[in-house]
Amino acid sequence: MSAPTVAFKAGRLFRRGDTNWVDPQPEKGVVLVTATEDGLIQWQWKNRTTNALDEDLLIFPSDTTFSQVAQSAWGRTYVLAFSSSDQKHFDASSARDDQIVHNVNGVLQDASFEPTWSTPAASSSSAAAAGSSRDDTLRRLREILTRGGSASAAGLTVEPPSVALSDVLTPANLAPIFADEALARSLFPFLPADLPSPPTPATLQQVVSSPQFQAAVRELDRALSTGLLADLVRGLGLPASAGESAEAFIRAVAEQAGSGGEERMDTD
Amino acid sequence: MSGDDDSSGWQLTESDPGVFSELLRTLGVPLVVDELWSMDPDGLAILQPISAFIFLFKYVAGSSDASGGAGGAFDPDFPGFFAHQTVNNACATLAVVNALGNIDTEMGKDIKDTLEFARELDPQSRGMVLVSSLFLREAHNALSPPSVISLDGLNLPKRTEDAYHFVVYLPVAGSLYELDGLKPHAVRHAPVPSSGDWTGVAAETIQARIATYPPGAIHFSLMAVRPDPLPMLQAQLVANPTDEVLLARMAQEEEKRQRWAFENALRKANHLPLIHALVGALAKSGGLDAAVAGAKEKMRQRRARGQDMDED
């Protein structure tokens with residue numbers, strides 16, 4: 001399968017029976033929006049615990065739009081609305097994510113759309129929603145639900161990352177470690193094997209300040225924010241849950257360091 | 001941003017003199033690439049002899065319809081080597097090969113054979129031969145980070161990045177030529193003196209080109225391709241072991257090679273084990289809690305300001 005054009009962590013909301021209420025579900029998942037070879041759009045919700053694709057839709061371009069319902073009690077709530085049928089899918093994506101909405105709608109209009117992530121979040125839809133009262137929220141939800149017929153309303157409650165590795169692994173935070181001879185030496189085996197001269201504590205400082213290393217940490221942060229890194233972290237001797245977020249990763253490594261004592265960690 | 005999504009297995013690389021020089025070394029070519037900060041004759045004098053210039057630029061976001069760079073005349077009968085760029089990510093290597101095809105220099109067997117074979121073809125076919133060339137692609141990809149973290153069953157959406165556009169300037173058959181893989185033909189500019197310095201003409205032409213872009217419309221860089229000075233410096237030092245000027249230049253060159261080797265090692269490395277080890281070391285040293293608390297606060301502030309983490 002080709003790589004998704006847009007992916008973001010999200011939970012789902014389901015309609016409560018025949019009522020106009022939607023309830024959030026506890027399962028953590030991720031939405032994957034992928035352009036297929038024939039110019040269609042694949043909309044999938046993958047359960048991050050079981051890795052199962054619990055939702056798998058094939059959508060025609062322009063058939064759907066992804067829009068914010070309004071502020072709801074469970075974080076930002078969005079709906080994938082079908083213009084050509086009665087189907088409604090509730091996706092709540094959170095935060096950063098005026099960009100997500102923009103990019104998702106871009107793909108839904110045209111499968112070959114290329115997302116852009118470079119600009120800071122625009123204020124448009126969140127500003128509009130800011131004034132909504134709870135009543136407005138319920139009214140809009142009711143409007144959408146009464147038009148709907150499908151039993152699976154999926155809402156996504158995206159969890160934005162609480163911490164970034166790139167803010168933890170700063171040269172300033174790491175300097176005390178490099179000043180400790182024994183700790184510094186224990187890190188030498190993890191440096192690139194083909195450095196031009198034998199490593200010293202100064203080398204460690206240089207490496208963590210380098211653009212290449214910092215780009216790698218940012219890449220890992222990005223990857224961890226999808227919550228899909230179970231396999232990768234298992235390779236480091238960590239439990240699968242360590243791949244759920246940056247915070248989970250940090251906690252798991254800390255536990256591993258505590259329990260392992262002076263034992264060297266698995267290298268890749 | 002280009003609409004060309006087909007990377008055909010060519011990874012995006014950095015445009016850095018150390019990357020280019022390492023690529024040339026891998027191809028068995030005794031040339032190096034240096035970044036230029038100016039094109040005035042004194043600045044260039046230290047680097048002479050220069051075999052080619054590489055002008056690289058990209059449009060600043062929002063100014064993609066700024067025009068510039070026209071000048072000279074297309075030469076459909078260009079007697080030298082010119083190949084079209086057919087894969088975006090290969091642009092840097094393509095520029096290097098376009099230069100190599102017109103410079104009289106030693107080179108490794110693979111690239112030599114490929115150039116000889118490609119010489120018989122038209123520019124478009126030459127371009128396709130080059131991007132289909134396995135050894136060339138491997139040499140190119142060797143200098144980008146391994147995809148351990150971002151790919152590998154993750155299906156993480158690829159971040160598209162704007163690639164720099166590369167243009168080569170060098171003398172062929174008495175004229176200054178511009179080789180741009182995205183143009184249909186080589187472009188002939190002014191005549192160059194048959195013996196002596198062609199770089200003055202090139203400097204004028206390139207500076208005139210830069211002046212055609214609206215201010216702030218492009219980010220650009222200039223590089224010089226020249227024979228590796230180390231062997232000659234070493235030979236000269238043998239004859240004059242205490243020559244201060246030679247010693248200083250030698251030290252400078254060696255420091256530069258060390259830096260390039262360091263940076264290239266970092267480019268090729270999988271940093272995940274080190275990241276893992278650093279978090280563990282922070283935990284062992286007792287500094288992790290404070291670091292995480294500080295990081296969480298930074299994240300809160302960033303969110304409050306409405307900023308996105310995904311900046312690069």
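Letters go in sequence order (proteins before strands), and every chain restarts at 1.
The shortest heavy-atom contact between L236(A) and H276(B) is O-CE1, 3.3 Å. Scanning both residues, A265(B) and L195(A), for their nearest heavy atoms gives CB-CD2, 3.8 Å. Across all non-hydrogen atoms, the minimal contact from G280(B) to A257(A) is O-CB, 3.7 Å. Summarising the geometry of V163(A) relative to M299(B), their closest heavy-atom pair is C-CE, 3.9 Å, with the distance given to 0.1 Å.
No part of V33(A) comes within reach of chain B, as not one of its non-hydrogen atoms sits under 4.5 angstrom from that chain. Neither the backbone nor the side chain of D180(A) comes within contact range of chain B, judged by heavy atoms closer than 4.5 Å. Both the backbone and the side chain of A261(B) come within contact range of chain A, each with at least one heavy atom under 4.5 Å from a heavy atom of that chain. Neither the backbone nor the side chain of L224(A) has a heavy atom closer than 4.5 Å to any heavy atom of chain B. Contact of L282(B) with chain A is made through backbone and side chain together, with heavy-atom distances under 4.5 Å. With a 4.5 Å cut-off on non-hydrogen atoms, Q214(A) does not touch chain B at all. Both the backbone and the side chain of I250(A) come within contact range of chain B, judged by heavy atoms closer than 4.5 Å. If you measure heavy-atom distances from F178(A) to chain B, the contacts under 4.5 Å come from the side chain alone. For A291(B), the parts lying under 4.5 angstrom from a heavy atom of chain A are both the backbone and the side chain.
The residue among A246(A), A254(A), P196(A) with the most heavy atom pairs within less than 4.5 Å of chain B is P196(A).
Between P192(A) and K268(B), the closest side-chain pair of non-hydrogen atoms is not below 4.5 Å. Side-chain contact check for F262(B) versus V207(A): some heavy-atom pair is nearer than 4.5 Å. Between L278(B) and F213(A) the shortest side-chain heavy-atom distance falls below 4.5 Å. No side-chain heavy atom of N264(B) sits under 4.5 Å from any side-chain heavy atom of D194(A).
Annotation for E255(B): atom CD counts as buried by contact number, over 12 foreign heavy atoms lying within 6.0 Å. Heavy-atom contacts from other residues, nucleotides or ligands closer than 6.0 Å to CE of M128(B) number 12 or fewer. The number of heavy-atom neighbours closer than 6.0 Å to CD of E297(B), taken from other residues, nucleotides and ligands shown, is above 12.
K296(B) and D167(A) are not joined by a salt bridge, as no carboxylate oxygen comes within less than 4.0 angstrom of a charged side-chain nitrogen.
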*Kindly indicate, with the supporting measurements, whether the criterion side-chain contact (heavy atoms from CB on, under 4.5 Å) is fulfilled by N173(A) and L288(B).*
CA-CA 9 Å; N173(A) 285 342; L288(B) 184 59; over 6 Å; no

